[in-house]
**Student:** 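Got a structure for you, written out below as structure tokens; questions coming shortly.
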2 protein chains.
Amino acid sequence: MNACAQCTVRETAICSSLSADELGALNSLGRHQMLRRGQTMVWQGDESLLVGNVIEGVLKLSSSTVDGREQTLGIIFPSDFIGRPFGPTATHSVVALTDAQVCTFRRSAFDEFAQQHPHLEHNLLQRTLTELDRTRQWMLLLGRKSATGRVASFLMEMANRAAPCAGAGNGAETIGFDLPLGRQDIADLLGLTIETVSRQLTGLRDQGIIAIPNRRAIEVRDMERLEGCAEEA
Amino acid sequence: MNACAQCTVRETAICSSLSADELGALNSLGRHQMLRRGQTMVWQGDESLLVGNVIEGVLKLSSSTVDGREQTLGIIFPSDFIGRPFGPTATHSVVALTDAQVCTFRRSAFDEFAQQHPHLEHNLLQRTLTELDRTRQWMLLLGRKSATGRVASFLMEMANRAAPCAGAGNGAETIGFDLPLGRQDIADLLGLTIETVSRQLTGLRDQGIIAIPNRRAIEVRDMERLEGCAEEA
DNA sequence: CGTTCAATTGATACGGATCAATGCAAGTGG
DNA sequence: CCACTTGCATTGATCCGTATCAATTGAACG
């Protein structure tokens, strides 16, 4: 029996570049793993032993300075690839933001398999290039944008990447979604403090650009003005 | 005749993953190009038409916000790869910081060639993964470090990556190098202003950690204390 | 109803941006 | 060879945005 057959990310993860036979071979190398919210899957600086795909849930990639301040380097959604293949050490930590399900491989086994399957490597290269572009976009944000700009950009990214949950239902072009991160996580991602994030959110709310039904949910009420904020100096 | 035979980066650029025959084939697709200091090779947002290798000189990768503020996303040294293969648009600009010599390929031709040579793609994947790690390290810097920490980190990175030029010569463990960037470029890279960069440099000088023989050169006099500064909040 | 934990709100301090002036070296033309 | 220009870099004074410190509110849960 092949666990991949009913996998929800079968067509969107790197696996999509494999034939049924190849998939079977890869499947025999991997195993499923559940992660609880808050659980760390990979530790920064550890030997790189695992790589894998996210099947369900949201994780973060993060790194800490010597004095303990944390910076989140990226958010990882279902069908994204995790880990550092072809290298001895994990350069960053991976932590589950929600309960999550991942499909993991021993790095050495994955590396070997990948080298024998150029299509897989090509897919991985494409993903890595895209991720590099995305990361550089965040660099621009961290280097040059104001707190408002950062929060607005973040909300737009989430509106695009997080699975939208049904809005108010009427004809309005409202976009609603749940935040998989708490305020502290957002602050770590944007290079701000929790207080500043909070103030910016209430600021956007008071301007009527967004609504905050509850602490985990966001509704974008005026996407155009939000875009305007996202470009702020 | 094969221009690659006497190429100075033959063994360190992506070309190192190719046999002599393959190299000949790739060579027939490429052409050499000279760039003057300040010249832009790729424009952010343009159709991605070119990729290539840096043979000589230093370039920067940069992106601008809508209101014109610029952020440098990376520095590109000889044997580094330039451009965005496998994608229709260039997401960032590439500008020469010094006079430079690059070896360019039409993207479509390169893409096709790469897909037929898994070794080359593997090498490119490795490079991209390394570059992604490096970029994320800069994210940590931009998000969480003070001005002093940023400048110190920058100097350390340059001390490692730029070709060292002979120090004072005596037994001191002084490390000297030339900056390929002006103050404005440094500011753009670190997400600071030119004034702040200047103040931090003179600060480090006044503490005796570095010396500034002239505006383009730096001598690190106390690497340990510089490391200390680099970790500053 | 009290406990707990996260988020919000308020008051203040500080770091870096901004605005403005000066300094310094490399051309340029008389 | 020397005045003049030009383009960076440095230095100074002030302002503003975000961090920091501290208190309050609000929701989830026993």
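Given the structure is predicted, the values throughout are model-derived calculations rather than measurements. In what follows, every chain begins at residue 1, and chains take the letters A, B, ... in the order their sequences are listed.
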**Student:** May I ask you to decide whether B/R205 forms a salt bridge with B/E219, counting only side-chain N to carboxylate O separations under 4.0 Å?
**Tutor:**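 Looking at B/E219 together with B/R205, the answer is no, because their closest N to O distance does not fall below 4.0 Å.
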
**Student:** Quick one: does B/Q39's side chain have a donor or acceptor within less than 3.5 Å of a partner on B/R36's backbone?
**Tutor:** yes

**Student:** Could you give the CZ-to-P distance, from A/R205 to C/dA7, as a whole number of Å?
**Tutor:** 14 Å

**Student:** Salt-bridge test for B/R144 and A/D188: reply yes if a basic N is under 4.0 Å from a carboxylate O, no otherwise.
**Tutor:** yes

**Student:** The side chain of A/E195 is closest to which nucleotide in this list: D/dT18, C/dG10, D/dT11?
**Tutor:** C/dG10

**Student:** Measure all distances between protein nitrogen or oxygen atoms and nitrogen or oxygen atoms of nucleotides 7-9 of chain D, and list the pairs falling under 3.5 Å.
**Tutor:**
unit_1 : atom_1 : unit_2 : atom_2 : d
D/dA9  : OP1    : B/R183 : N      : 3.2
D/dA9  : OP2    : B/R183 : N      : 3.1

**Student:** Name the nucleic acid region contacted by A/R69, choosing base, sugar-phosphate or nothing; use a 4.0 angstrom heavy-atom cut-off, strictly under.
**Tutor:** sugar-phosphate

**Student:** Find the distance B/N214:CG to C/dA26:C1' and express it as a whole number of Å.
**Tutor:** 13 Å

**Student:** Any non-hydrogen side-chain atom of B/K145 less than 4.5 Å from a side-chain atom of B/S153?
**Tutor:** yes

**Student:** For B/T148 and for A/V197, locate the closest nucleotide of DNA chain C by heavy-atom distance; then report the residue assigned to the nucleotide nearer the 5' terminus.
**Tutor:**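 Counting from the 5' end, the first nearest nucleotide belongs to A/V197.
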
**Student:** Any side-chain N or O of B/T196 less than 4.0 Å from the OP1 or OP2 oxygen of C/dG15?
**Tutor:**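 Checking C/dG15 against B/T196, no side-chain N or O comes under 4.0 Å of OP1 or OP2.
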
**Student:** What is the separation between atom CG on A/L201 and atom C1' on C/dT8, rounded to the nearest whole Å?
**Tutor:** 11 Å

**Student:** Which nucleotide in the set D/dT20, C/dT18, D/dT10 lies at the smallest distance from any side-chain heavy atom of B/T193?
**Tutor:** C/dT18

**Student:** Does the side chain of A/L181 reach to within under 4.5 Å of the side chain of A/F154, using non-hydrogen atoms?
**Tutor:** yes

**Student:** Using a heavy-atom cut-off of under 4.0 Å over every strand shown, decide if B/G191 touches base, sugar-phosphate, or nothing.
**Tutor:** sugar-phosphate

**Student:** Look at the side chain of A/R199 and the base of D/dT20, then say whether one donor and one acceptor between them are separated by less than 3.5 Å.
**Tutor:**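 Such a pair exists between side chain and base.
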
**Student:** Output the rounded distance in Å from CZ (A/R144) to C1' (D/dG17).
**Tutor:** 16 Å

**Student:** Without decimals, in angstroms, what is the distance between A/I186 CD1 and C/dA7 C1'?
**Tutor:** 11 Å

**Student:** Could you check which of C/dT18, C/dG16, D/dT18 has an atom nearest any side-chain atom of A/L192?
**Tutor:**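 So the side chain of A/L192 is nearest to D/dT18.
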
**Student:** Testing B/Q44, B/E70, B/R69 for side-chain hydrogen bond (donor to acceptor under 3.5 Å, both in side chains) with B/S63, which one passes?
**Tutor:**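 The residue from B/Q44, B/E70, B/R69 that satisfies side-chain hydrogen bond (donor to acceptor under 3.5 Å, both in side chains) with B/S63 turns out to be B/Q44.
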
**Student:** Distance check needed: C/dG15 P versus B/K145 NZ, whole Å only.
**Tutor:** 18 Å

**Student:** Expressed in angstrom and rounded to an integer, what is the separation of B/D188 atom CG from C/dA17 atom C1'?
**Tutor:** 14 Å

**Student:** Just so I know, are the side chains of B/D80 and B/N53 near enough to count as touching, which here means a heavy-atom distance under 4.5 Å?
**Tutor:** no

